[in-house]
Number of protein chains: 2
Amino acid sequence: MSPTQGGQSGPSVTERVLGILSAFGPGAESLTLSGIARTAGLPLSTAHRLVGELAAWGALERGEDGRYRIGLRLWEVGALAPRSLGLRERAMPYLEDLYEATRQNVQLAVRDGHEVVYVERLAHPEAVRVFSRVGGRMPLNATGVGQVLLAFAPPAVQEEVLAGPLPALTPRTITDSGDLRRTLAAVRREGVAVCDGMVDLLSLSVAAPVRGEDERVVASLSVVVPSAGAEPRMIVPAVRAAARGISRALGAPSARRRPAGVVTPLPTAPADASP
Amino acid sequence: MSPTQGGQSGPSVTERVLGILSAFGPGAESLTLSGIARTAGLPLSTAHRLVGELAAWGALERGEDGRYRIGLRLWEVGALAPRSLGLRERAMPYLEDLYEATRQNVQLAVRDGHEVVYVERLAHPEAVRVFSRVGGRMPLNATGVGQVLLAFAPPAVQEEVLAGPLPALTPRTITDSGDLRRTLAAVRREGVAVCDGMVDLLSLSVAAPVRGEDERVVASLSVVVPSAGAEPRMIVPAVRAAARGISRALGAPSARRRPAGVVTPLPTAPADASP
DNA sequence: ATCGAGCTTCCGGTGACCGGAAGGAGCCAC
DNA sequence: GTGGCTCCTTCCGGTCACCGGAAGCTCGAT
């Protein structure tokens, strides 16, 4: 299938170039040429040539220290990703409000495969430290946003995750697939996930689903507060309201504005846990 | 110098791949395969192969409509760009405050070559419409952030821009190099740029410089308000204060916190307009 | 039905790419 | 000073991955 898997031939040029980009990551924002070559598994001279072309275009930048970093031009192109830009633009005002109201951490995330990817994050400098970062990944089972995204994911994805290993970040992380299945059902029922001490024993997160125009859950929104003395009851309505606001901004019919006081039932989950 | 400039040979594989990424841009967030091939100047079958590899890696995503978009994975890598992530992370709290105080548009931008690139933007849904967008570019002479970034850029860059054509976005855009030179001197003297109706006749922006640990101006911050009835005197101090806060967060010595009431002079500009 | 636009697959010739090797620059330890 | 390290840069000939024309496919529109 891949143009280069036939027999003993090496990776294609494209794969090598992408491999160079992959060498960068959280904790490896700047690399030397040899570091790139080592990480990407390329001979030094090959890496030199390819990196030179990438830098000429602006995908990489070379600092005064001679180290390479991701270039502004690549960031610019990446910013065109619909799941980043389109979502962010419309969600920001609501994230703002939620941030302003809580002065804690507010996060917006989407699902990519079996992981959560954080798309936006507002953090008060004095709020609880949080492990996530914009552009970072986390397992689906261990985070509030992850549980929401998983609960409303296609059944096939749910089963794959439930069948696979469930990594534990703390002793309180859900790692039993039966427990997780029950939790997901609860999330679908309640429309929120409350995750206490699963990423980090000191923090608690409250997450809610964001729906797109076809009613599918396209993102999840959460607030992270200190676990000690947290009162989720105070936060849940605010998170739900913000998530609904974003869904409306994205055109989700179920989140249409309606006369105050009239309560419409939440749409039923696309599919239940049992496929 | 380039590995492929010798004689009549075509662009290298790397250049072709980057050309494919370049095909995407503001107003072209989603493209068909043939559209990509046309824009990038590649034969269809070549584009097909390369795009396939990019999609397999996650640099591109193929929608249900068969069109290609920038993939989340590329966004993720791009998010590692130091001028985006590092800057944003530290600047956000201050942008927040400024946004909260003005409920208008707040922007953070850096210079790349002879253009401004917007790195972050907070926009109130009911605020003045603004042309800029995250990841977008604008000419240096026509925007508040641009004038600030140009005023504190290396003299060589200033001269290049002053020598080159100065695009006009409105009749009020500065297009005379003498005028621009005087404006830049004023910006250096005042530490702020006030730009009325230069991007768009209805809006006014107030911008201030953000300095890094080596005192160099690394970014610029602005607030955009409706031109009609705007009172810049009210906004200038807030913008200056936020810019100074970010500079401090980035480690700029001149922005160190000091006993209230003691005024330290702003550092002199790295170089005056006349080189 | 007929057309056209867009997509996918196939395959043989060839020239772009590969990477070993040599050499230079900077740094630290001895 | 001098040896040994790491990192970077440049060169060049053989070979194999890449290129792209062509044929066929799937749509939807006329």
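In what follows, chains are A, B, ... by sequence order, proteins preceding strands, each numbered from 1.
A sub-4.0 Å separation between OP1 or OP2 of D:dG20 and a side-chain N or O of B:Arg49 is absent. Contact check, B:Arg16 against C:dA16: no side-chain N or O comes under 4.0 Å of OP1 or OP2. For C:dC7, the OP1/OP2 oxygens have no side-chain nitrogen or oxygen of B:His48 closer than 4.0 Å.
Here the side chains of B:Met138 and B:Val145 are not in contact, with every heavy-atom distance at 4.5 Å or above.
Nucleic acid contact class of A:Thr46 (heavy atoms, under 4.0 Å, all strands): base. Among the atoms of the strands shown, only primed sugar atoms or phosphate atoms (P, OP1, OP2) are found under 4.0 Å from some heavy atom of B:Arg62. B:Leu44 comes within 4.0 angstrom of a nucleotide base, judged by non-hydrogen atoms across all strands. A:Thr32 comes within 4.0 angstrom of sugar-phosphate atoms only, judged by non-hydrogen atoms across all strands, and of no base. Residue contacts shown for A:Arg38 are limited to sugar-phosphate atoms, with no base heavy atom under 4.0 Å away.
Considering only side-chain atoms of B:Leu33, the nucleotide from D:dT9, C:dT8, C:dC17 that sits closest is C:dT8.
Between A:Glu15 atom CD and D:dC18 atom P the separation is 8 Å, expressed in whole Å.
One donor-acceptor pair, N or O on each side, does fall under 3.5 Å between the base of D:dG20 and the side chain of B:Ser45.
No donor-acceptor pair under 3.5 Å is formed between the side chain of B:Arg69 and the backbone N or O of B:Gly71.
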side-chain hydrogen bond (donor to acceptor under 3.5 Å, both in side chains) between B:Arg67 and B:Ser30, intermediate numbers included: CA-CA 6 Å; B:Arg67 298 170 72 88; B:Ser30 96; 2.8 Å; yes
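Annotation: of the two residues near DNA chain D, B:Leu50 and A:Gly66, the 5′-most nearest-nucleotide partner is A:Gly66.
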